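The structure displayed is predicted, hence computed values, not measured ones.
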Amino acid sequence: MGAVKKQQQQPGIARWRFALVAGLLCLLAAALVIHLAGLQVLPEQDKGYRFLQDQGRARTIRTEEIAAYRGSILDRNGELLAVSTPVHTIWANPRLLKETSADQLRLLASALGTPPARLAERLNKYRNKGFMYLRRHMTPEGAQRVLALDLAGVYSKKEYRRFYPAGEVTAQLLGFTNIDDLGQEGLELAYEQSLAGEPGKRQVMKDLKGRVVRDLAVQQEARPGRDLQLTIDMRLQYLAYRELKKAVAENGAASGYMVILDTQSGDVLAMANQPSFNPNNRAGVKAAAMRNRALIDQFEPGSTIKPLTALAALETGRWQPSTRINTSPGYIRLPGKTLLDPVNYGEIDLTKVITKSSQVGITKVAMDLEPETLRGLFYRLGLGEAVGSGFPGEAPGILPTRDRWHPIELANFAFGYGLTVNAVQLAQAYSVVANAGLKRPVSLILEQGKKAATNAPAESVVDAELARQVAAMLETVIGPEGTGKHASVDGYRVAGKTGTVHKVGREGYVDNRYRSVFAGFVPVDNPRLAAVVVIDDPTNTKYYGGEVAAPVFGKVMTGAMRLLQVPPEHIPPADEQLAKQLDERGTAS
């Protein structure tokens, strides 16, 4: 009986346990459902689905910078002078990359073009860092070979690299950018804010290896930089650079520079420098080669100032181009110094003083002038103040003023010593003479819609008739008796002045070191171009401005007149003879 009762009670106990276990399992399932609902459905639940989504995004979604395209630099005719090209920069997370096998690292070094030992050394140096560059500015094809290795911790970033098609021809003027595409010198630095643009932002999703698997959204579009169009005419720039480089080499000079201005607009059409450098590959470049000497270097202009002194004399009304001056016996004594002419010119007029570049003659003119009268004219012509080109480091020059001028100081001032100018200032002063007394602002940047020489705003600073008289004087310098014969241009009347300036050493002026200068304009009747050529420290047998600098002017202006299609003013004698022969043949036939 007892056994029978136990058998009857056992099923009842099993059902109770079953119900308890089943109930607990249901409760657990319900709790799990409620928890999952809290995590994935209920928005206000602590650490609910919004929290989880935020945590997920924090681990996979990143905001990346979109590189901005840097504005191009062009010449006045639209020729590209500086342009940015897309490149890829390869970078890595060393903490992830250090787990890579030796064989994979060798493959990576090969794809990067880096010696394996060098790569291993750099990885060891940055082993505890989260970022390091592997290679900057790779071509897209090269970067793809690196990424194809599919190594953890190796990534690519799109950037831009600056390229200068004209190379060394425009190097000092344009300047250059650094590896981060930021302007460092020249116009690249001066107009950095305008050229650089503004980077954009995009949101991307990355996998565990840090690779972008999806572009989610562009938060801010990149704003490209604005293009910059210069007044430079690359045809004239190449021409000036070629002749300048040749002259510096032939004369064993330390350096040289040339500026060409459009007299009708004030535009700088060419600005060449020697020595130069390749801005696309600056390895081993010396700092001196990067200097835009035409605007940054200031120098004593020497005899190129004498025509401006003559202009100051004409303004007094006491002097005329035909006024006679006795230069005998070929020298003049002033307190502290004796000034000499190469020969005794005897009695000559003011025009011939300029033609022969007579020190004695111009000194006697200076002694008749008030110092402030002379200085005032120089200032009106643009000396002693920056031309406002906007170029970094532009030299304003030095135009001294004194309470009391000693005779030798005034004499030196009158023939170009004791003051300094840059080449653009001197070209602007000659442009005023060429333009019948009108002074126009100098510009390196082409105004919107301005495609050719135009009548830019001008200020009358000198009487037109007096300016024409000085221009006539300057034309005689290029003639048979003048010092600037080598500056002549077949078919055109040229006006200009030579200068041979002693250089300054530690103990004053050095007897055997010179700076050769020529300043002038062409054609005389309807001037189109004004230019200044400076050859610094020629060491060969020639050193006079008429022998060293004037030929550069003549060759460049000969080519420039053809390139700009300026009609000749007269037919050269050789061409006249040829024309006569052709005419005779035509008549005979």
Side-chain angles (χ1 to χ4, degrees), residues 76 230-233 235-237 239-240 258-272 294-295 301 304 307-308 311 377 380-383 387-389 421-447 450-475 477-478 484 487-489 491-497 517-533 552-554 556-569:
R76 68 186 301 111
L230 308 185
T231 59
I232 297 297
D233 188 324
R235 300 172 299 170
L236 303 188
Q237 181 75 12
L239 182 60
M258 182 176 187
V259 173
I260 302 176
L261 293 185
D262 187 325
T263 60
Q264 299 175 16
S265 65
D267 289 349
V268 178
L269 298 181
M271 186 177 286
L295 273 168
T304 56
L308 308 185
L311 178 56
L377 174 68
R380 275 185 279 140
L381 294 176
L383 308 186
V387 297
S389 66
V421 301
N422 66 44
V424 178
Q425 287 175 319
L426 188 57
Q428 184 184 41
Y430 270 70
S431 183
V432 172
V433 176
N435 277 330
L438 295 179
K439 179 183 175 184
R440 290 191 171 89
V442 172
S443 177
L444 277 170
I445 309 302
L446 195 68
E447 296 176 8
K450 182 179 177 184
K451 298 300 181 184
T454 59
N455 292 323
E459 176 188 4
S460 179
V461 296
V462 175
D463 180 78
E465 179 55 33
L466 298 183
R468 281 190 281 267
Q469 290 177 10
V470 173
M473 294 181 188
L474 289 170
E475 189 176 0
V477 176
I478 315 301
S488 62
V489 178
Y492 302 88
R493 294 166 56 199
V494 179
K497 184 70 185 74
V517 187
F518 184 88
F521 52 88
V522 62
V524 173
D525 279 346
N526 184 24
R528 180 67 187 275
L529 301 179
V532 169
V533 180
V552 179
F553 178 94
V556 173
M557 291 300 108
T558 296
M561 292 296 100
R562 292 179 182 141
L563 288 171
L564 298 178
Q565 299 180 348
V566 178
E569 295 178 299

Exercise for review: Walk me through it: do Leu466 and Leu311 pass the test side-chain contact (heavy atoms from CB on, under 4.5 Å)?
Suggested key: CA-CA 7 Å; Leu466 298 183; Leu311 178 56; 3.9 Å; yes
Check your understanding: Hey, are the side chains of Leu383 and Gln428 touching, using non-hydrogen atoms and a 4.5 Å cut-off?
Key -> no
Exercise for review: Take Leu308 and Leu381 through the side-chain contact (heavy atoms from CB on, under 4.5 Å) test and state the conclusion after the steps.
Suggested key: CA-CA 9 Å; Leu308 308 185; Leu381 294 176; 3.7 Å; yes
Revision key, fill the gap. Closest non-hydrogen contact found for Ala294 with Val259 is CB-CG2, 3.5 Å
Review point. Is there a side-chain contact between Val461 and Val432 (heavy atoms, below 4.5 Å)?
Key: yes
**Study point:** Heavy-atom side-chain contact between Val477 and Val494 under 4.5 Å
**Key:** no
Exercise for review: For the residue pair Leu446 and Leu230, establish whether any side-chain heavy-atom pair is separated by less than 4.5 Å.
Suggested key: no
Review point. If only atom types and distance count, is the side chain of Asn422 paired as donor or acceptor with the main-chain N or O of Val424 below 3.5 Å?
Key: yes
Study note, to complete from the structure: Closest heavy-atom pair, Pro307 versus Leu474, reported as atoms and distance to 0.1 Å, is CG-CD2, 3.4 Å
Point to revise | Full working for side-chain contact (heavy atoms from CB on, under 4.5 Å) between Val470 and Val462 | key: CA-CA 11 Å; Val470 173; Val462 175; over 6 Å; no
Point to revise | Passing candidate, side-chain contact (heavy atoms from CB on, under 4.5 Å) with Pro523, options Arg493, Met557, Met561 | key: Met561
Exercise for review: Kindly indicate, with the supporting measurements, whether the criterion side-chain contact (heavy atoms from CB on, under 4.5 Å) is fulfilled by Val533 and Val517.
Suggested key: CA-CA 6 Å; Val533 180; Val517 187; over 6 Å; no
Check your understanding: Nearest heavy-atom pair of Ala423 and Val532: which atoms, and what distance?
Key -> O-CG2, 3.8 Å
Review point. At what distance, to the nearest 0.5 angstrom, does OG of Ser389 lie from CE of Met271?
Key: 6.5 Å
Check your understanding: Are side-chain heavy atoms of Tyr430 and Thr304 found at a separation under 4.5 Å?
Key -> yes
Revision key, fill the gap. In terms of heavy-atom contacts, Ala531 and Phe553 come closest through CB-CE1, 3.7 Å
**Study point:** Atom pair CD (Gln264) and CZ (Arg440), whose distance is rounded to the nearest 0.5 Å
**Key:** 7.5 Å
Practice item. Find the distance between CG (Leu269) and CG (Leu564) and round it off to the nearest 0.5 Å. Key: 7.0 Å
Point to revise | Least distance between heavy atoms, Ala427 atom then Ala530 atom | key: O-CB, 4.0 Å
**Study point:** Thr558 side chain vs Gly554 backbone, donor-acceptor pair below 3.5 Å
**Key:** yes
Exercise for review: Can you see which heavy atom on Ala240 is nearest to which on Met258, and at what distance?
Suggested key: CB-SD, 4.0 Å
Check your understanding: How about Ile260 and Val556: do any of their side-chain heavy atoms sit closer than 4.5 Å?
Key -> yes
Check your understanding: So, the side chain of Thr263 versus the backbone of Asn435: is there a donor-acceptor pair under 3.5 Å, distance only?
Key -> no
Point to revise | Note, Pro568 side chain near Tyr492 side chain (heavy atom, < 4.5 Å) | key: yes
**Study point:** Any Asp262 side-chain heavy atom under 4.5 Å of Arg528 side chain
**Key:** yes
Exercise for review: Could you tell me whether a side-chain N or O of Ser488 sits under 3.5 Å from a main-chain N or O of Ile478, the two making a donor and an acceptor?
Suggested key: no
Point to revise | Side-chain donor/acceptor of Arg235 to backbone N/O of Leu563, under 3.5 Å | key: yes
Practice item. Can you measure from CG (Leu444) to CG (Asp267) and round to the nearest 0.5 angstrom? Key: 9.0 Å
